[in-house]
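The structure appears right after this line, and notes come after that.
What you see is a predicted model, and the numbers here were worked out from it, not measured in a lab. Just follow the structure's listing: the first ligand is 1, and inside any ligand the first atom is 1.
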Amino acid sequence: MMRPLPAPPQPYVLQDVMVPISLLRDFASRPVEGGGMTDGLVMADLGVAAGRLCHASELPDAIHVPARGNVALPRLAEAHVHLDKSETIHETGAGDGTLMGAIGTLGPAMHTWDVDHFRTRMTRAVDQALTAGVGTMRSHIDCMLLPEDKPGWHAIKDVMSEYEGRMRITPVALAALDRAMIDGFDTRCKQVARAGGVLGAFIPPDGAAPEVLDRFLQGAARYALDVDFHVDEHLCDTPPATLALAEAVVRTGYEGRVLAGHACRLGLLPADDLDRALDLIAQSGIAIATLPRTNLYLQDRQQARTPKQRGMAPVREMSARGVPIVIATDNVRDAFFPFGNYDLLSVFADAAYALHLDHELGHWIRSITDIPARVLGDTDGGLLASGAPADLLLVPARNWSALLTAPPQERTVLIAGRDRAVGGMNTITPKEIAL
Ligand SMILES: [Zn+2]
């Protein structure tokens, strides 16, 4: 149990707090005393002054807050959600459980919603993410027409303003890749740039012609836009489009700005082909988003048969080659995934067992913290570093098992050192510590 935090601007030190060593920079640490499932966790003292982390030794007059029994994480970075589709299952029904079924179910309904409809649901979703400890979020918004002609695009711009200072939100204008070949493509890029957004594309299962990919990346380059793809979200026996994308990135030199989500099909490649594909993906600098919930729900669905292929990208092999891997939520309570929530820590727990990451959690926690923060352009975020903003998530836990199962209501979210994410409180409320 922790006592209330001192009133600002009083500096304080979180004493004996547990942290993943992979996220700790230039702070001294001590080994954790015993207990199972603590690999990669250490004890440290984190000073907080003027909204930033600093060394306890720099704060001789600071109040010491005993924080033993809590894990501190940087606020989490959510790299892939669809706020425009969020919580619509009650309106549309569930579809047939396939990707094409979901597109057919949700698509027509989306045309009937106005800005208010989008904004109300987006606000609820962002509140939920904020409470769960997310501080940075990238959301796709369907924009087959130009973004500024879509109510969803206007709604997310409103939500971005409303949450400024509490949640950094970036919209992705999502359309089929072939939008790159029509007249309005340059206007699309210009509108995305105007909103501070990201240029998104869905690459269909029959792949992508090199000239279309090149045209898309060249358009992005004209406006210095980051790009974000839905790619290989299927298990068909076709050439992997992730590979074509990597080749296009190398060919155009547009490296370091590409996030590719799903990449399910890669997991079915024979070993030799997979080795070659992953070497090229690593060379291209593409970051890969794995989205366990939607993949497990949509992939290999057949009537009256248990799925045999789980449709997950080979992230362990990619990570071993240095490919940046992010773990993200994707859809929440819509026709693409009728369940779930915006608790990224619980998505991480799902990924841990679905992808067998549980023996290297200290490494993989980076996939919801500093790796996506960097991909999303938040160079200060995702790390516990001296001088970084004191944007923290405190969870009552003494090991990974307790950390990954603590419900959001037990967590404390600190923004610039203050507990003000939702309720505006200035205290860490007493919570039972999970043993
Ligand atoms: Zn998606």
Are His230 and His140 close enough that their ring centres sit under 6.0 Å apart? yes
Using a cut-off of strictly less than 2.8 Å, determine whether His262 has an N/O/S atom near the Zn ion (ligand 1). no
Angle at the Zn ion (ligand 1) (to 10°), with one arm to NE2 of His80 and the other to OD1 of Asp330: 90°
Just say parallel, tilted or perpendicular for the rings of Tyr297 and Phe337, cut-offs at 30° and 60°. perpendicular
Please name the atom of His82, restricted to N, O or S, that is closest to the Zn ion (ligand 1). NE2
May I ask you to check whether His140 brings an N, O or S atom to under 2.8 Å from the Zn ion (ligand 1)? no
Hey, is the main chain of Glu91 close enough, under 3.5 Å, to the side chain of Thr88 for a donor-acceptor pair? no
Lys/Arg N to Asp/Glu carboxylate O, Arg265 vs Asp232, below 4.0 Å: no
